[in-house]
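Per chain, numbering begins at 1; letters A, B, ... match sequence-line order.
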There are 2 protein chains.
Amino acid sequence: MIPIDPHHDCRPVGEILHQIGGKWTVLIITRLGHGSMRFGEIKRMIGGISQKVLTATLRDLEMDGFVTRTVTPSIPPRVDYELTALGRDLLVPVSALGAWAQENRPKVLVARQQYFDEHPDAMPMRQGRIAQLKQAAE
Amino acid sequence: MIPIDPHHDCRPVGEILHQIGGKWTVLIITRLGHGSMRFGEIKRMIGGISQKVLTATLRDLEMDGFVTRTVTPSIPPRVDYELTALGRDLLVPVSALGAWAQENRPKVLVARQQYFDEHPDAMPMRQGRIAQLKQAAE
DNA sequence: CAGAATCCAACTGGATACTG
DNA sequence: CAGTATCCAGTTGGATTCTG
């Protein structure tokens with residue numbers, strides 16, 4: 001049932017997943033699943049991502065063979081991004097995970113609240129992370 | 001086909017995926033999919049993870065309601081971790097993604113090599129990341 | 001428009017030493 | 001055994017400014 005051999009070194013898998021685990025990667029791949037998009041379109045559609053990070057993330061995706069980057073040297077310049085076959089293939093498990101996250105977010109939020117209630121004590125080691133989550137929940 | 005409404009604010013989804021995207025999270029969840037485990041077992045089975053990071057990751061997973069933490073106050077102490085129903089549910093899309101990563105890693109590595117060949121020029125902006133990948137590939 | 005460059009705060013993860 | 005407490009390097013991501 002678990003497709004990963006326990007004796008296999010799975011860190012390479014983590015290496016790829018770490019890429020996908022970037023803050024915006026899944027959102028970008030999901031958006032590109034609808035079809036080719038210009039840089040600015042992606043930026044506007046996602047919202048809240050900085051230009052630098054979007055550029056870097058798209059370059060990573062290009063490097064891994066998930067998207068193509070097509071430059072049209074006009075004035076103003078135009079750059080289109082599109083999923084490759086590999087990228088569309090990746091979209092399947094990624095969008096499944098995205099859907100899961102969307103569906104189960106309420107449960108996770110409930111679990112977090114419950115954790116806060118049941119562990120009201122300090123836990124000084126983890127104050128940073130907890131503050132982070134409380135802020136994200138606002 | 002894409003289950004995420006383009007007009008929905010998807011950053012909350014990224015918030016949950018960001019947790020899962022931690023360096024070891026997927027490996028830990030996958031391992032716990034085989035059944036309850038003690039702290040030291042997980043640590044040995046994964047290998048290369050520091051005690052601090054494993055503790056923090058397990059606490060995050062507990063907080064989100066993916067694992068239970070059972071303390072047996074003996075000497076020496078014993079702590080067991082086990083997936084909750086929600087965690088086992090999460091395991092489905094997560095192991096699908098893990099399997100995908102494992103199967104397609106060769107393609108990604110080829111794509112990266114090709115990218116290096118086709119873009120031998122500097123790209124000073126991304127030297128850090130590239131060095132990082134080359135090291136990981138060793 | 002799509003970036004490149006720079007500066008900078010925040011977070012991640014590792015090493016080490018200590019404890020009930 | 002299973003942590004907790006520090007310290008620390010490296011990475012991520014954001015804001016701003018500048019360019020073809």
Side-chain angles (χ1 to χ4, degrees), chain A residues 11 14-15 17-25 27-28 37-60 62 67 69-81 119 121-136, chain B residues 11 14-15 17-25 27-28 37-60 62 67 69-81 119 121-136:
Chain A
R11 272 169 297 180
E15 169 205 334
L17 291 178
H18 193 253
Q19 287 273 18
I20 296 169
K23 191 170 176 183
W24 308 98
T25 314
L27 262 59
I28 293 172
M37 274 199 205
R38 296 187 59 173
F39 183 89
E41 284 184 283
I42 303 173
K43 186 168 189 319
R44 272 190 309 279
M45 187 162 267
I46 288 183
I49 188 174
S50 72
Q51 202 174 41
K52 179 186 130 185
V53 172
L54 179 55
T55 300
T57 306
L58 286 169
R59 287 297 206 290
D60 284 345
E62 186 196 3
V67 308
R69 178 169 178 271
T70 309
V71 179
T72 307
S74 53
I75 296 181
R78 175 192 178 100
V79 181
D80 291 273
Y81 294 90
H119 302 262
D121 43 326
M123 292 200 309
M125 210 185 75
R126 315 191 63 257
Q127 285 310 315
R129 163 148 285 278
I130 289 177
Q132 192 185 347
L133 286 178
K134 296 214 166 180
Q135 181 193 351
Chain B
R11 270 169 297 177
E15 168 205 333
L17 292 178
H18 194 253
Q19 287 272 21
I20 297 169
K23 192 170 177 182
W24 308 98
T25 314
L27 261 58
I28 295 172
M37 275 198 201
R38 295 187 60 172
F39 184 89
E41 285 184 283
I42 303 174
K43 187 168 186 324
R44 272 190 309 279
M45 186 162 268
I46 288 185
I49 188 172
S50 70
Q51 202 175 38
K52 179 188 128 184
V53 172
L54 179 55
T55 302
T57 306
L58 286 168
R59 286 296 205 288
D60 283 345
E62 186 195 4
V67 308
R69 178 170 178 272
T70 309
V71 180
T72 308
S74 54
I75 294 180
R78 173 192 181 101
V79 182
D80 292 273
Y81 293 90
H119 302 263
D121 44 327
M123 296 200 306
M125 208 185 76
R126 316 191 62 257
Q127 286 309 316
R129 162 147 285 278
I130 289 177
Q132 191 185 347
L133 286 178
K134 296 215 167 178
Q135 182 193 350

How close or far is atom [atom2] of [N] from atom [atom1] of [X], stated in whole angstroms?
X: A:H119; N: D:dT4; atom1: NE2; atom2: P; answer: 12 Å
X: A:E62; N: C:dA2; atom1: CD; atom2: C1'; answer: 14 Å
X: B:I28; N: C:dT12; atom1: CD1; atom2: C1'; answer: 14 Å
X: A:H18; N: C:dT12; atom1: NE2; atom2: P; answer: 10 Å
X: B:I75; N: D:dA2; atom1: CD1; atom2: C1'; answer: 13 Å
X: B:L54; N: D:dT4; atom1: CG; atom2: P; answer: 12 Å
X: B:K23; N: C:dG13; atom1: NZ; atom2: P; answer: 7 Å
X: B:D60; N: D:dG3; atom1: CG; atom2: P; answer: 14 Å

Exercise for the section: With A:M37 as reference, evaluate A:V79, A:I42, A:D80, A:V67 under the side-chain contact (heavy atoms from CB on, under 4.5 Å) test and give the passing residue. Expected result: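 For A:M37, the side-chain contact (heavy atoms from CB on, under 4.5 Å) check succeeds only for A:I42.
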Handout entry: Residue pair B:V71 / B:P73: nearest heavy atoms and the distance that separates them
Key =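 For B:V71 versus B:P73, the nearest heavy atoms are O-CD, 3.6 Å.
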Exercise for the section: Write down the atom of B:K43, the atom of B:Q51, and the distance for their closest heavy-atom approach. Expected result: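 Heavy atoms only, the tightest pair is CE-N, 3.8 Å.
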Candidates [options] - which lies nearest the side chain of [X]:
X: A:R38; options: C:dC1, C:dG3, D:dG3; value: C:dC1
X: B:V79; options: D:dA2, D:dT4, C:dC11; value: D:dA2
X: A:V53; options: C:dA2, D:dG13, C:dG13; value: D:dG13

Is the shortest heavy-atom distance from the side chain of [X] to the side chain of [Y] under 4.5 Å?
X: B:L58; Y: B:E62; result: no
X: A:W24; Y: A:L54; result: no
X: A:Y81; Y: A:I28; result: no
X: A:Q19; Y: A:T25; result: no

Between the protein and nucleotides 16-20 of chain C, which nitrogen or oxygen pairs come in under 3.5 angstrom?
none

Exercise for the section: Indicate whether OP1 or OP2 belonging to D:dC1 is found under 4.0 Å from a side-chain N or O atom of B:R44. Expected result: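 For D:dC1, OP1/OP2 do not have a side-chain N/O of B:R44 under 4.0 Å.
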Exercise for the section: Would you indicate, yes or no, if D:dG20 has its OP1 or OP2 atom less than 4.0 angstrom from a side-chain nitrogen or oxygen of A:R78? Expected result: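 For D:dG20, OP1/OP2 do not have a side-chain N/O of A:R78 under 4.0 Å.
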Exercise for the section: Name the nucleic acid region contacted by B:R69, choosing base, sugar-phosphate or nothing; use a 4.0 angstrom heavy-atom cut-off, strictly under. Expected result: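 Counting heavy atoms under 4.0 Å across all strands, the contact made by B:R69 is with sugar-phosphate only.
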Practice task
Look at all strands and tell whether A:K43 reaches a base, only sugar-phosphate, or nothing, counting heavy atoms closer than 4.0 Å.
Solution key: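 The residue A:K43 makes no contact with any strand.
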Practice task
Specify the residue among B:Y81 and A:I49 whose closest nucleotide of DNA chain D lies further upstream toward the 5′ end.
Solution key: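 Upstream on the strand: B:Y81.
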